[in-house]
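Heads up: the structure comes next, in structure tokens.
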Amino acid sequence: MPAPKPFTVVLILAVFACVALYVLGVGLGATDNSRAGQSPMSKEERQRLRDRFIKPRPVKEEELTADCPLGQGVLIVDAGKTCEVTIAKAGALGRTVEVAPAGPGAGGFSFRFVPEEERALPVSEDLLREPRELDVTRKGAWLFITCRNAISGGGQPGRCRVRLR
């Protein structure tokens with residue numbers, strides 16, 4: 001039998017080396033503890049950063065001005081009247097304001113929310129029964145609250161109590 005050519009020997013050795021390296025790589029790769037393809041941050045750190053940069057902050061009470069009594073986040077509107085609340089401009093990209101009845105017996109009210117942003121659409125709701133969260137842009141907004149079904153007590157005229165947070 002004639003001796004194999006050097007090229008054939010090198011080719012066989014190269015194929016054998018590739019198979020050996022593949023088997024070795026698969027065997028060691030199965031026990032690899034590296035973090036390749038994973039985030040270097042823990043799940044809690046990622047959530048904290050997400051909340052910090054993406055989640056809008058609530059509107060501060062100092063950013064609210066109203067033409068009716070407003071104290072400690074509670075707005076008092078007389079029966080049949082409309083109260084205009086102005087939400088001031090701020091540097092934050094996104095903020096939220098929650099409109100809710102201030103406890104049981106707060107009275108029924110409706111609201112109309114008008115954002116200052118040209119591309120945003122107004123929102124309105126009649127006789128709000130449960131809390132509603134509204135997004136406020138950095139340009140601010142107006143909130144018109146009308147007291148519909150006021151509850152009176154002790155001979156006093158009826159009033160609606162609305163919580164703004």
Side-chain angles (χ1 to χ4, degrees), residues 25-26 28-165:
V26 169
L28 289 178
T31 61
D32 185 16
N33 292 329
S34 72
R35 295 179 63 109
Q38 295 178 357
S39 175
M41 286 190 262
S42 69
K43 189 173 184 178
E44 293 80 23
E45 288 175 314
R46 286 194 310 265
Q47 185 62 39
R48 184 178 50 81
L49 285 173
R50 187 177 296 124
D51 289 345
R52 179 177 174 196
F53 291 109
I54 297 174
K55 184 178 179 183
R57 69 166 176 83
V59 170
K60 297 176 185 169
E61 189 171 347
E62 302 85 49
E63 298 171 340
L64 301 172
T65 55
D67 60 1
C68 53
L70 172 66
Q72 297 178 347
V74 177
L75 190 69
I76 299 173
V77 185
D78 291 330
K81 303 274 177 144
T82 298
C83 180
E84 179 180 337
V85 179
T86 303
I87 303 169
K89 296 178 183 179
L93 284 176
R95 300 173 290 162
T96 60
V97 63
E98 183 182 85
V99 181
F109 63 92
S110 61
F111 74 87
R112 189 167 148 249
F113 178 74
V114 182
E116 179 88 27
E117 184 76 32
E118 295 172 3
R119 295 172 289 174
L121 296 174
V123 176
S124 61
E125 189 165 327
D126 289 333
L127 293 177
L128 184 70
R129 302 272 185 226
E130 53 191 44
R132 178 87 185 263
E133 201 167 272
L134 305 167
D135 293 329
V136 181
T137 62
R138 72 169 57 178
K139 290 188 176 183
W142 295 282
L143 184 61
F144 300 95
I145 298 176
T146 304
C147 182
R148 300 280 184 208
N149 299 330
I151 297 173
S152 61
Q156 296 179 352
R159 293 183 171 170
C160 295
R161 296 179 45 200
V162 182
R163 179 168 305 281
L164 301 175
R165 304 183 226 192

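Below, all heavy atoms of this structure are taken into account, side chains as well, without hydrogens, waters or symmetry copies.
- To the nearest 0.5 angstrom, Thr146 atom OG1 is 12.5 Å from Leu128 atom CG.
- The two residues Arg57 and Glu63 make their nearest non-hydrogen contact at NH2-OE2, 2.9 Å.
- Residues Leu64 and Thr86 have side chains not in contact (no heavy-atom distance under 4.5 Å, counting atoms from C-beta outward).
- Interatomic distance, Glu116 CD to Arg138 CZ, rounded to the nearest 0.5 Å: 13.5 Å.
- Considering Val74, Val59, Leu143 in turn, Leu143 is the only one that fulfils the side chain to side chain contact (heavy atoms under 4.5 Å, CB included) rule with Leu164.
- Disulfide check for Cys147/Cys83 fails, with the SG atoms at least 2.5 Å apart.
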Practice task
Apply side chain to side chain contact (heavy atoms under 4.5 Å, CB included) to the pair Glu98 and Thr96, showing each step before the final yes or no.
Solution key: CA-CA 7 Å; Glu98 183 182 85; Thr96 60; over 6 Å; no
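- Residues Ala90 and Arg95 share a closest heavy-atom pair of CB-NH1, 3.4 Å.
- Residues Cys68 and Leu75 approach most closely at SG-CD1, 3.4 Å, considering heavy atoms.
- Across every non-hydrogen atom of Pro115 and Ala141, the tightest pair is CA-CB, 3.7 Å.
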Problem - Phe109/Arg161 under side chain to side chain contact (heavy atoms under 4.5 Å, CB included): CA gap, chis, key distance, verdict - result: CA-CA 9 Å; Phe109 63 92; Arg161 296 179 45 200; over 6 Å; no
Handout entry: Step-by-step side chain to side chain contact (heavy atoms under 4.5 Å, CB included) determination, Leu134 to Phe111
Key = CA-CA 11 Å; Leu134 305 167; Phe111 74 87; 3.9 Å; yes
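- Rounding to the nearest 0.5 angstrom, the gap separating the CZ atom in Arg119 from the CG atom in Leu121 is 11.5 Å.
- If you take CD on Glu61 and CD on Gln72, they are separated by 7.5 Å, rounding to the nearest 0.5 Å.
- Under the 4.5 Å side-chain criterion, counting only non-hydrogen atoms from C-beta, Arg165 is not in contact with Pro58.
- Residues satisfying the side-chain hydrogen bond (donor to acceptor under 3.5 Å, both in side chains) criterion with Ser124, sequence neighbours excluded, are absent altogether.
- A salt bridge links Arg132 with Glu125: the distance from a Lys NZ or Arg NE/NH1/NH2 to an Asp or Glu carboxylate oxygen falls below 4.0 Å.
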